[in-house]
Structure formats: structure tokens, C-alpha cells
Amino acid sequence: MNDRFAHDGPLRGTVQAPPDKSLSHRAALLAAMTDEPVTITGYLDAADTNSTLAAVQALGALVERRDRSLVVRGAGLRGAAPAGVIDVGNAGTLMRLLPGWLAGQEGGSWTLDGDASIRRRPVDRIAEPLGLMGAQIEPREGRFPPFTVTGAPLSGIEYALPVASAQVKSCVLLAGLLAAGSTTVIEPRPSRDHTERMLAAAGASIARDGHRIVIAAQDELEMGALHVPGDPSSAAFHAAAAVLVPGSRIVIEGVGANWTRTGFFRILRRMGGAVAGPLEEPTGGVPAGEPVCELEISHGPLHGTVVEPDEVPLAIDELPLVALLGCFAEGETVVRGAEELRVKETDRIATVVDGLRGLGAEIEATADGFVVQGTGGLRGGTIASHGDHRLAMLGAVAGLASREGVEVDGMEAAAVSYPGFEADLAALGGR
């Protein structure tokens with residue numbers, strides 16, 4: 001499906017941030033690991049998160065959809081049912097987190113598979129620590145899906161992540177719930193901490209000391225209710241559009257303000273974007289909850305910046321927008337230490353650089369990021385989503401800010417994380 005986006009005046013009004021995709025995945029998975037019913041409000045109704053609901057149902061959980069909530073009746077921490085093949089669809093988070101739970105289910109065996117994009121995404125980084133804990137993981141060609149997880153008695157380990165990754169960290173922590181002794185994960189730099197917060201809220205024995213997170217084995221988890229706040233990664237596209245389109249001023253309500261997810265908004269402020277609203281500051285320990293805020297975003301002149309490696313995990317999904325902003329900024333914008341972008345739904349370094357260059361950008365790829373020379377704007381043209389939801393939404397925002405507009409080839413990919421994106425953008429005046 002091809003959709004065209006072009007400038008049609010400033011963006012104005014208020015938009016509700018859609019439910020957080022990362023938190024929705026985790027909420028369904030942890031609810032499935034409990035013995036008592038869990039009510040989840042604000043769960044994202046999108047392709048990726050519905051794959052997670054289907055997976056937990058295949059593993060023995062019961063899911064009841066109500067008007068504005070879900071009720072999940074879990075299988076219990078050690079009660080995952082034999083399910084044969086589990087289809088993860090396009091959901092990389094599900095593919096990398098679920099094996100942590102399955103690895104400790106003694107006597108069980110499951111094969112995880114997904115779409116063509118998933119089959120290109122590596123799982124060796126979860127296979128290594130799970131194998132050290134005693135699980136059996138058998139990936140295709142030693143690295144890719146489909147792969148089989150065979151449950152076994154697990155032992156706690158101390159594991160230093162080679163690359164900061166919230167997904168790998170979460171997988172090991174979930175396995176740690178079922179492992180003898182304690183399990184320690186050491187991060188090279190902070191990444192999203194949703195799993196830690198949710199585990200703390202569920203009564204797990206989990207603690208953080210600097211870059212070290214320690215979790216002990218649990219008999220059970222208890223989570224009466226969960227609310228999923230608005231997704232900062234989805235809200236970022238509206239924020240970028242408001243900053244880029246002259247005369248714009250919007251309010252985004254219900255945005256998750258967790259400091260490990262708002263790195264993009266800090267970068268946007270540093271580049272000169274007008275971003276008003278409270279963003280959580282880092283604290284010690286593991287908070288048992290997610291803060292929420294309201295952000296007011298308005299147009300403003302931008303200047304280039306350098307995004308350093310320690311910022312990358314806190315803005316990984318929004319870095320394509322940094323490239324777009326750099327096209328309109330004065331000076332040079334550089335992103336370093338973002339090689340993780342090469343193993344997303346697409347190689348997002350290659351696809352973002354090629355896509356923006358086709359719209360008139362002066363941008364070069366590097367091994368671990370990109371360099372953008374600000375030219376004051378973009379000509380416009382056509383950009384392909386390659387089935388990647390974030391590239392589809394990037395193209396839409398580029399269209400509103402460009403001189404000639406942008407036609408997005410494959411706009412339907414946005415439904416993976418944000419089914420209402422086009423309607424919300426149109427309500428703000430984006431055409």
C-alpha cells in the first residue's frame with residue numbers, strides 16, 4: 001500500500017500516546033507466569049503484541065478480552081504447556097524474551113518461528129547465556145530462527161552482556177526466576193528496565209547495584225493489575241513532526257516517562273527542539289512502577305549533535321528520527337555505537353541512509369551509525385518501508401516536513417506497533 005504525505009500547514013492539537021509495545025509484551029508474558037488472574041489495562045492491540053497473546057494462550061494461559069482491558073489467567077511460573085511450534089510473527093521482543101521462561105520448564109520442548117523478517121534476526125545472544133544456565137537452545141545454522149528450546153534444570157550464573165540489550169537482559173532475568181541460586185546480569189551501559197520494574201512489582205527478589213542486576217529464584221509471581229502507559233517510541237514520531245513543521249504546537253498525553261525510554265526526547269531538546277514536560281531522572285535500585293507525563297512539543301530551529309554510544313540503548317528505536325532531524329539541523333549530526341540497528345526488522349542503518357538519501361539527504365552510513373550533513377530540509381520523493389513499521393512512520397514524518405512530499409511504499413507496516421498512526425497524525429493536521 002502506497003500513501004502520500006505532504007505539508008499542509010502546522011500541526012495543532014492533542015494526541016494520546018498509543019499503548020507501549022515493550023510493556024505490553026512484558027505484561028502478557030509475566031501475567032502468563034502467575035497463578036492468579038491479572039487484569040491489564042491499556043494493552044496495545046497491534047500485530048506484534050497480539051502475537052504475544054497468541055503465544056501465551058498456546059502455553060496454557062487463558063486470555064479474556066474485555067471492553068478496555070484484558071484478563072490473563074496464567075499457567076503459573078512452572079506450568080507452561082507443551083505447544084509444539086510457537087509463531088512469534090514479527091515480534092522480536094517475544095522471540096527473545098519467551099525462551100527465558102521456557103528454558104526452565106523441565107521436560108518441555110518448543111520450537112519458535114516467525115515471518116521472513118524474524119528468520120533473519122539472530123538469537124545467538126540469548127542462546128549463549130541460557131546454555132550456560134543449563135538449557136538447550138538449537139538455532140538454525142547456530143544463530144537464526146526457527147529454533148528449539150528444551151527445558152532443563154537451570155543454575156544461576158553471573159553474565160556480562162557483550163552489548164547492552166534490554167531483550168537479552170530480560171531473557172536471562174526471566175530464566176533466573178527458575179534457576180537454582182541467584183542470577184546476575186552485568187550491563188555495559190543502561191538499557192530499558194521495564195522487566196526489572198515489573199518483576200519488582202510482582203514480588204520478585206530483584207536488586208540493582210550500578211550496572212549489576214541480581215535476581216533470585218521464585219516460587220511464584222503475584223500481580224493483581226497492570227496498566228500500560230503510552231509508548232514514548234511511538235509518540236516520538238508526532239514530536240519530530242511538530243518540531244520540523246513550522247508553526248506547529250502539539251500536546252502528547254499519557255507518555256511513559258521512564259528515563260530508560262526517553263533518551264530521544266533528551267536528544268531532541270539538546271538539538272534545540274521545544275520539548276516541555278517532566279522526564280524521570282535515574283535513581284538507584286529498581287522502582288516498582290512506570291511514571292507517566294504529558295509533553296508539549298513545538299517547532300523550533302535545530303542544530304546538529306553527536307549521539308554517543310551510552311545514549312544509544314535509551315533511544316534505539318528513535319535513532320532513525322535523529323537522522324531525519326539532522327537533515328533539517330544546522331551543522332553535522334553523528335550517531336555512534338548503534339550497530340544494534342543492523343539487526344532490527346531491517347538493517348536500519350542501511351535502510352534509513354538509503355531511504356533518506358533518496359529524499360535528498362546528505363547522509364553516510366558508518367559501521368555503527370551514520371553521519372548527516374544538515375542542509376535545511378529535504379526535497380521529497382519515495383521511500384520504501386521494507387516491511388519495517390518505524391521506517392514507514394519515518395517516511396510519513398519526512399513527507400510533512402519536505403518540500404515536495406513523500407510517498408511511502410508499504411505504509412501498512414506501521415500497524416505492527418501503531419495501527420492508528422495515520423488517523424492520529426491526520427487529526428493533528430498532518431496530511
Side-chain angles (χ1 to χ4, degrees), residues 3 5 8-28 39-50 52-53 65-70 192 194 197 225-245 248-266 268-269 273-280 289-299 315 317-318 321 389-390 392-394 396-397 400 411-431:
D3 284 9
F5 297 84
D8 192 30
L11 304 182
R12 296 277 179 166
T14 299
V15 64
Q16 183 75 30
D20 191 286
K21 183 163 78 83
S22 291
L23 276 163
S24 293
H25 284 303
R26 288 162 170 81
T39 299
I40 305 173
T41 54
Y43 191 88
L44 176 65
D45 183 8
D48 266 15
T49 48
N50 286 334
T52 296
L53 291 181
R65 294 179 183 265
R66 296 182 178 175
D67 184 28
R68 301 194 177 199
S69 65
L70 295 174
R192 299 180 183 187
H194 298 311
R197 291 177 187 238
L226 284 170
H227 176 69
V228 178
D231 194 325
S233 298
S234 295
F237 290 90
H238 296 304
V243 166
L244 291 174
V245 177
S248 296
R249 183 180 180 184
I250 68 171
V251 173
I252 310 175
E253 295 180 333
V255 183
N258 180 325
W259 76 275
T260 67
R261 287 295 301 284
T262 53
F264 169 76
F265 294 100
R266 293 190 289 274
L268 185 56
R269 279 177 172 170
V275 181
L279 300 176
E280 184 190 54
E290 297 283 344
V292 180
C293 72
E294 177 181 284
L295 296 176
E296 183 177 313
I297 317 288
S298 44
H299 171 69
D317 287 332
E318 299 82 55
L321 284 171
H389 53 125
R390 307 232 183 254
M393 292 186 283
L394 176 76
V397 175
L400 300 184
M411 191 63 213
E412 67 275 7
V416 164
S417 63
Y418 194 168
F421 172 70
E422 290 184 77
D424 286 350
L425 193 61
L428 294 172
R431 181 172 61 85

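The structure displayed is predicted, hence computed values, not measured ones.
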What I want to check is whether the side chains of H194 and S22 have a donor and an acceptor closer together than 3.5 Å. no
Please report the C-alpha distance between R192 and D20 in whole Å, then the side-chain angles of each, then the deciding distance to 0.1 Å, and finally whether the salt bridge (Lys or Arg N to Asp or Glu O under 4.0 Å) criterion is met. CA-CA 13 Å; R192 299 180 183 187; D20 191 286; 5.8 Å; no
side-chain hydrogen bond (donor to acceptor under 3.5 Å, both in side chains) involving T41 - partner list, sequence neighbours excluded: H227
Considering all heavy atoms, the nearest E290-P229 contact: CB-CG, 4.2 Å
Do the side-chain N and O atoms of D231 and Y418 include a donor-acceptor pair separated by under 3.5 angstrom? no
Shortest non-hydrogen contact between I297 and A242, atoms and distance: CG2-CB, 3.9 Å
Considering all heavy atoms of both residues, which atom of A17 and which atom of V255 are nearest to each other, and what is their separation? CB-CG2, 4.0 Å
Between V243 and L268, does the side chain to side chain contact (heavy atoms under 4.5 Å, CB included) criterion hold? Intermediate values first, please. CA-CA 9 Å; V243 166; L268 185 56; 4.0 Å; yes
Residues S248 and H299: side-chain donor-acceptor under 3.5 angstrom: no
Quick one: does R266's side chain have a donor or acceptor within less than 3.5 Å of a partner on W259's backbone? yes
List the steps and the verdict of side chain to side chain contact (heavy atoms under 4.5 Å, CB included) for V228 and I40. CA-CA 7 Å; V228 178; I40 305 173; 4.0 Å; yes
So, taking the atom named CD1 in I252 and the one named CD in E294, what distance separates them when rounded to the nearest 0.5 Å? 10.0 Å
Verdict with reasoning, L279 to L295, per side chain to side chain contact (heavy atoms under 4.5 Å, CB included): CA-CA 9 Å; L279 300 176; L295 296 176; 4.0 Å; yes
On a heavy-atom basis, the closest approach of S24 and G42 is OG-O, 4.4 Å
Would E296 and I250 satisfy side chain to side chain contact (heavy atoms under 4.5 Å, CB included), going step by step from the backbone distance to the final call? CA-CA 6 Å; E296 183 177 313; I250 68 171; over 6 Å; no
Nearest 0.5 Å, please: how far is CZ in R26 from CZ in R197? 12.0 Å
Taking only residues two or more places apart in sequence, or in another chain, which ones meet N50 in a side-chain contact (heavy atoms from CB on, under 4.5 Å)? D45, L53, R65
Measure the CG-CZ distance between L321 and F237 for me, rounded to the nearest 0.5 Å. 4.5 Å
Please report the interatomic distance CZ(R390) to OG(S417), rounded to the nearest 0.5 Å. 4.5 Å
Side-chain donor/acceptor of S233 to backbone N/O of D317, under 3.5 Å: no
Just how far is it from atom CZ of R249 to atom CZ of R12, taken to the nearest 0.5 Å? 7.0 Å
Starting at CG of L425, measure out to CG of L11 and round the result to the nearest 0.5 Å. 6.5 Å
Does some side-chain heavy atom of H389 sit less than 4.5 Å from a side-chain heavy atom of K21? yes
Please find the pair of heavy atoms, one from A414 and one from A392, that lie closest to each other, and give the distance. N-CB, 4.1 Å
Tell me the closest heavy-atom pair linking A315 and F264, and the distance in Å. CB-N, 3.7 Å
Ring centres under 6.0 Å, that's the criterion: do H238 and F421 meet it? yes
Short side-chain to backbone donor-acceptor contact, T49 and L44, under 3.5 Å: yes
